[in-house]
Chemist: 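Structure provided below as structure tokens; questions to follow.
Reminder, nothing fancy here: chain letters follow the sequence lines and each chain counts from 1. Just so you know, these numbers come straight off a predicted model, no measurement behind them.
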Amino acid sequence: MSKKSRIKIRTLLQKAPVGEQVIVKGWVRTFRNNQFVALNDGSTINNLQVVVDYENTDEKILRKITTGACISAEGTVVESPGRGQSVEIKASTVEILGEADPEKYPLQPKRHSLEFLREIAHLRVRTNTFSAVYRIRHAMIFAVHKFFQEKGFLNIHTPIITGSDAEGAGEMFRVTTLDPVNPPLTESGEVDYKEDFFEKETNLTVSGQLEVETACLALSDVYTFGPTFRAENSNTSRHLAEFWMIEPEVAFCDLDELMGLAEEFVKYLVAYALENCADDLAFLEKRLAEEEKHKPQQERSPMGLVERLNFVRENEFVRLTYTEAIEILRRSKPNQKKKFQYLIEGWGADLQSEHERFLVEKHFKKPVILFNYPKDIKAFYMRQNEDGKTVAAMDVLFPGIGEIIGGSQREERFDNLQARVKELEIPEKDLWWYLELRKFGTAPPSGFGLGFERMIQFICGMGNIRDVIPFPRTPGNAEF
RNA sequence: UCCCCCUUAGCUCAGUUGGUUAGAGCGGCUGACUGUUAAUCAGUAGGUCCUUGGUUCGAGCCCAAGAGGGGGAGCCA
């Protein structure tokens with residue numbers, strides 16, 4: 001007879017093969033009454049109840065079935081006489097695979113603060129909240145690729161180490177193999193990067209956009225989905241120094257079509273989560289409701305998590321030009337009554353997050369896409385509009401998160417692009433290849449960047465971005 | 001980087017006007033119970049009150065500096 005393999009708890013609970021002999025393995029969540037093990041193996045948020053025959057099991061083994069311990073159990077699947085579950089395992093043998101000293105194991109069968117769990121990131125995945133978040137995160141990675149696959153986009157791996165510092169998306173992390181104490185110097189006393197590994201200055205990427213555009217102007221519809229690094233000293237619940245970004249780039253596409261793609265994409269992800277992660281979402285909804293109980297009425301969200309996701313899926317996003325937004329904000333109550341910290345006086349100012357929140361959360365009460373921003377507050381590669389004042393840029397704003405997507409139609413006219421590069425004093429030597437794209441067979445492409453963790457935050461209802469990535473990297477924190 | 005708040009048992013937190021020996025719930029341990037659902041019941045151990053300096057007869061509590069954490073702002077995704 002061949003060796004019997006284990007069955008995953010998710011499969012077991014789905015099939016409920018009553019009468020069958022099975023092996024299950026996982027980690028003990030609780031051990032009640034000297035016989036009821038709540039076992040979890042991460043395949044689902046639901047625990048399996050393993051009933052130990054305490055009268056015929058070695059006392060030494062019983063004592064080692066503690067919260068956090070890893071066990072293997074063999075037994076028969078039976079209908080449960082108890083109320084909390086439909087089936088359970090009547091175990092004939094229990095083997096301890098890994099003990100967890102109860103005096104030292106930090107996770108208890110009770111609610112812990114997210115701040116405490118952040119300090120034990122290597123163990124927090126063993127909690128319901130984090131296992132749910134990571135399962136949903138996985139499902140969203142899959143859904144991203146599925147969406148683009150169905151639309152005929154090609155996935156392009158853009159470089160992590162980059163020699164161009166031109167995108168201007170933020171401060172960069174330097175990549176070097178030079179001795180930090182005694183670096184080789186040039187005759188004029190500066191660090192001689194000719195001696196460095198790449199024989200030039202290199203950094204971790206802040207965006208794959210410029211590189212993915214090269215593929216776009218040959219393969220038409222492409223996207224990159226990879227890690228992104230920003231050395232900004234940002235200390236907020238919405239920023240990471242290392243995060244994952246999805247950047248589609250579409251040839252022969254204008255801003256209007258791009259906004260359509262962004263909305264369709266975000267709704268697809270939300271729908272995928274609703275249809276495939278129901279158990280985990282139900283748990284996270286309960287968690288969020290519990291958390292909000294401790295908040296004042298005013299700060300509580302009017303909808304539950306699932307209701308909110310359905311709302312986003314079913315309602316059209318508002319599309320609003322920057323100019324229209326300024327008008328609405330200028331005439332708004334908080335502006336008239338001088339409640340805004342930054343008052344809207346006229347056209348041209350960048351919108352602060354209080355303004356974005358007002359539009360999304362108070363005025364329209366749904367996701368908003370703002371477009372046609374003043375060119376002076378946007379990047380060099382964005383396409384200039386006919387008015388001479390604005391560029392074809394757009395941001396998708398979400399409740400509670402703020403900017404979740406930023407994108408634009410790209411400037412495909414060589415002269416315009418070069419003029420803009422000169423105007424902003426961007427070193428042309430770093431951008432020669434990007435400029436050449438506009439010399440040889442240029443085409444109007446459009447693209448955007450979606451912050452993956454911000455999307456996960458929204459779908460999971462998590463308030464802090466550090467709780468939707470396994471090992472968050474933030475200023476002063478690179479533990480694990 | 002700026003503003004505000006927090007730091008007391010393993011965890012979550014209370015601690016009065018500055019006053020003798022610093023508390024609770026959960027968790028741990030010991031035992032009871034044995035179809036429980038974050039089991040229950042009884043008992044019990046567990047403290048650098050973040051650190052340093054100061055004020056005071058006396059500091060968990062007041063003052064200063066520092067460290068760590070959180071919320072908000074800016075930067076952005």
Side-chain angles (χ1 to χ4, degrees), chain A residues 28-38 46-55 62-63 66-68 78 80-85 88 90 100-120 127-128 167-171 206-209 225 227-247 262 294-295 299 340-342 350-357 377-379 395-398 401-407 448-458 463-467 469 474-477 479:
Chain A
V28 175
R29 287 296 174 79
T30 62
F31 184 39
R32 286 184 295 269
N33 225 344
N34 218 19
Q35 54 178 329
F36 302 106
V37 180
N46 298 306
N47 297 331
L48 173 71
Q49 175 151 291
V50 176
V51 185
V52 180
D53 181 3
Y54 67 94
E55 281 169 325
L62 285 176
R63 295 184 73 87
T66 59
T67 299
V78 296
S80 176
R83 228 175 295 170
Q85 56 284 317
E88 64 189 26
K90 214 169 177 53
D101 183 345
E103 286 197 60
K104 292 181 183 146
Y105 187 63
L107 295 174
Q108 306 160 11
K110 69 168 242 181
R111 177 170 286 272
H112 291 93
S113 69
L114 296 171
E115 292 82 5
F116 169 66
L117 293 170
R118 248 168 248 156
E119 293 169 10
I120 47 168
T127 64
N128 285 331
E167 217 263 348
E171 288 296 308
V206 291
S207 164
Q209 182 203 315
F225 181 1
T228 309
F229 307 88
R230 307 255 168 108
E232 299 288 340
N233 191 6
S234 299
N235 290 287
T236 81
S237 54
R238 304 179 306 281
H239 289 86
L240 290 166
E242 177 182 304
F243 65 101
W244 291 69
M245 191 154 64
I246 297 133
E247 296 172 284
H294 303 289
K295 286 186 181 170
E299 290 171 32
F340 281 143
Q341 199 185 333
Y342 298 89
D350 207 350
L351 298 182
Q352 307 294 318
S353 53
E354 60 178 341
H355 306 131
E356 295 178 351
R357 290 183 73 119
I377 58 174
K378 288 292 179 184
D395 285 351
V396 180
L397 308 177
F398 258 45
I401 311 282
E403 187 180 340
I404 199 164
I405 283 178
F448 62 77
L450 171 97
F452 186 59
E453 282 76 16
R454 289 190 182 171
M455 190 70 207
I456 304 299
Q457 261 190 291
F458 179 76
N464 195 313
I465 200 164
R466 294 161 200 205
D467 298 326
I469 186 167
T474 53
N477 190 352
E479 189 69 45

Chemist: Is any side-chain nitrogen or oxygen of A:Arg111 closer than 4.0 Å to OP1 or OP2 of B:G25?
Modeler: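 So the side-chain polar atoms of A:Arg111 never come under 4.0 Å of the phosphate oxygens OP1 or OP2 of B:G25.
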
Chemist: Identify which nucleotide among B:G70, B:G25, B:G28 has an atom closest to any side-chain atom of A:Lys110, counting heavy atoms from C-beta outward.
Modeler: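 Side chain of A:Lys110 sits closest to B:G25.
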
Chemist: Ignoring hydrogens and angles, answer whether the base of B:G35 and the side-chain atoms of A:Glu88 contain a donor-acceptor pair closer than 3.5 Å.
Modeler: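 Yes.
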
Chemist: Going by modelled atom types, is there a donor-acceptor pair between the base of B:C11 and the side chain of A:His112 at under 3.5 Å?
Modeler: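 Checked by distance alone, the answer is no.
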
Chemist: A:Lys378 near the nucleic acid: base, sugar-phosphate alone, or nothing, with a heavy-atom cut-off under 4.0 Å?
Modeler: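 No contact.
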
Chemist: When only distance counts, do a donor and an acceptor, one from the side chain of A:Gln49 and one from the base of B:U36, lie under 3.5 Å apart?
Modeler: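 Between B:U36 and A:Gln49, which were checked side chain against base, a qualifying N/O pair under 3.5 Å is present.
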
Chemist: Given B:C76, is OP1 or OP2 found less than 4.0 Å from the side-chain N or O atoms of A:Thr236?
Modeler: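 Answer is no, no contact under 4.0 Å.
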
Chemist: Are A:Arg32 and A:Thr30 close enough, and set up right, to give a side-chain hydrogen bond (donor to acceptor under 3.5 Å, both in side chains), and what steps lead you there?
Modeler: CA-CA 6 Å; A:Arg32 286 184 295 269; A:Thr30 62; 3.1 Å; yes

Chemist: CZ of A:Arg29 versus P of B:A38: gap in Å, rounded?
Modeler: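 To the nearest whole Å, that distance equals 13 Å.
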
Chemist: With P as the reference atom in both, quote the distance from B:U1 to B:G66 in angstrom, rounded to an integer.
Modeler: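 13 Å, rounded to whole Å.
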
Chemist: Between B:U36 and A:Gln85, counting only base atoms on the nucleotide and side-chain atoms on the residue, is there a donor-acceptor pair under 3.5 Å?
Modeler: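 Side chain to base: pair present.
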
Chemist: How many Å lie between CZ on A:Phe452 and C1' on B:A77, as a whole number?
Modeler: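 Distance check: A:Phe452 CZ to B:A77 C1' gives 13 Å.
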
Chemist: Look up atom CG in A:Leu351 and atom CD in A:Glu403, then write down how far apart they are to the nearest 0.5 Å.
Modeler: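 It is 10.5 Å, given to the nearest 0.5 Å.
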
Chemist: Please round to the nearest 0.5 Å and tell me the distance separating atom CD of A:Gln209 and atom CE of A:Met245.
Modeler: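 Here the rounded value is 8.5 Å.
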
Chemist: Between A:Tyr342 and A:His355, is the ring centroid distance below 6.0 Å?
Modeler: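 So the answer is no for these two rings.
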
Chemist: Does any donor-acceptor pair link the side chain of A:Arg230 with the base of B:A77 at a separation under 3.5 Å?
Modeler: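 Such a pair is found, so the answer is yes.
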
Chemist: The side chain of A:Asn33 lies closest to which of these nucleotides: B:C33, B:G28, B:G31?
Modeler: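 Among the listed nucleotides, the one closest to the side chain of A:Asn33 is B:C33.
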
Chemist: Please tell me if A:Arg32 has a side-chain N or O lying less than 4.0 Å from either OP1 or OP2 of B:A39.
Modeler: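 Answer is yes, contact under 4.0 Å.
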
Chemist: Rounding to an integer number of angstrom, what distance separates B:C6 and B:U17 when you compare their C1' atoms?
Modeler: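 Result for the C1' pair: 23 Å, nearest Å.
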
Chemist: Is A:Pro102 touching bases, backbone alone, or none of the nucleic acid, heavy atoms closer than 4.0 Å?
Modeler: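 Here A:Pro102 touches the backbone only, sparing every base.
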
Chemist: Using a 4.0 Å heavy-atom cut-off across all strands, classify A:Gly82 as base, sugar-phosphate, or nothing.
Modeler: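 Base contact.
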
Chemist: Under 4.0 angstrom, heavy atoms only, what part of the nucleic acid is A:Ser237 near: base, sugar-phosphate, or nothing?
Modeler: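 Sugar-phosphate, backbone atoms only, no base.
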
Chemist: Roughly how many Å is it from CG in A:Asn34 to P in B:U30, rounded to a whole number?
Modeler: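 A:Asn34 atom CG is separated from B:U30 atom P by 12 Å.
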
Chemist: Check whether the side chain of A:Ser80 and the base of B:G35 form a donor-acceptor pair under 3.5 Å.
Modeler: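 Under the 3.5 Å cut-off, the side chain and the base do form a donor-acceptor pair.
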
Chemist: What does A:Phe116 touch in the nucleic acid at a heavy-atom separation under 4.0 angstrom: a base, only the sugar-phosphate, or nothing?
Modeler: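 Sugar-phosphate only.
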
Chemist: Separation of A:Ile405 atom CD1 from B:C76 atom P, in whole Å?
Modeler: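 After rounding, the gap between these two atoms is 17 Å.
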
Chemist: Can you check whether any acceptor in the base of B:C75 is under 3.5 Å from a donor in the side chain of A:Ser234, or vice versa?
Modeler: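 Pair found.
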
Chemist: Can you figure out which of B:G27, B:G35, B:A77 approaches the side chain of A:Pro109 most closely?
Modeler: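 Nearest nucleotide to the side chain: B:G27.
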
Chemist: A side-chain contact here means heavy atoms from C-beta on lying under 4.5 Å apart; do A:Asn128 and A:Arg29 qualify?
Modeler: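 A:Asn128 reaches A:Arg29 side chain to side chain.
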
Chemist: Could you state the atom-to-atom distance from CD of A:Glu171 to P of B:G74 in whole Å?
Modeler: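 In whole Å, B:G74 P and A:Glu171 CD are 18 Å from each other.
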
Chemist: Could you work out the separation of B:G60 and B:A22 based on their C1' atoms and round it to a whole Å?
Modeler: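 Going atom to atom, C1' in each nucleotide, I get 8 Å.
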
Chemist: Within less than 4.0 Å of OP1 or OP2 of B:A77, is there a side-chain N or O belonging to A:Ser207?
Modeler: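 Negative; the distance criterion is not met.
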
Chemist: Return yes if the base of B:U1 and the side-chain atoms of A:Asn235 contain a donor-acceptor N/O pair under 3.5 Å, otherwise no.
Modeler: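 Indeed there is one.
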
Chemist: Please figure out whether A:Asn233 or A:Val51 has its closest RNA chain B nucleotide nearer the 5' end.
Modeler: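 Its nearest nucleotide lies further toward 5', so the answer is A:Asn233.
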
Chemist: Could you check whether A:Arg466 gets within reach of a base, just the sugar-phosphate, or nothing at all, counting any heavy atom under 4.0 Å?
Modeler: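 It contacts sugar-phosphate atoms only.
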
Chemist: Counting side-chain heavy atoms from C-beta on, which of B:G35, B:G70, B:C11 comes nearest to A:Asn464?
Modeler: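 Comparing B:G35, B:G70, B:C11 against the side chain of A:Asn464, the answer is B:G70.
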
Chemist: So, under a plain 3.5 Å distance rule, would you say the side chain of A:Gln108 forms a donor-acceptor pair with the base of B:G10?
Modeler: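 It does, because a donor-acceptor pair links the side chain of A:Gln108 to the base of B:G10 below 3.5 Å.
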
Chemist: Mind calculating the distance between CD (A:Glu356) and C1' (B:C75) to the nearest angstrom?
Modeler: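 Atom-to-atom, A:Glu356 to B:C75, this comes out as 12 Å.
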
Chemist: What integer distance in Å separates A:Gln352:CD from B:C75:P?
Modeler: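 About 6 Å, once rounded to whole Å.
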
Chemist: Can you tell me how far P of B:G71 sits from CG of A:Asp467, to the nearest Å?
Modeler: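 Answer to the nearest Å: 9 Å.
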
Chemist: State which of B:G69, B:C29, B:A77 makes the closest approach to the side chain of A:Leu240.
Modeler: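 Taking heavy atoms from C-beta onward, the closest nucleotide is B:A77.
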
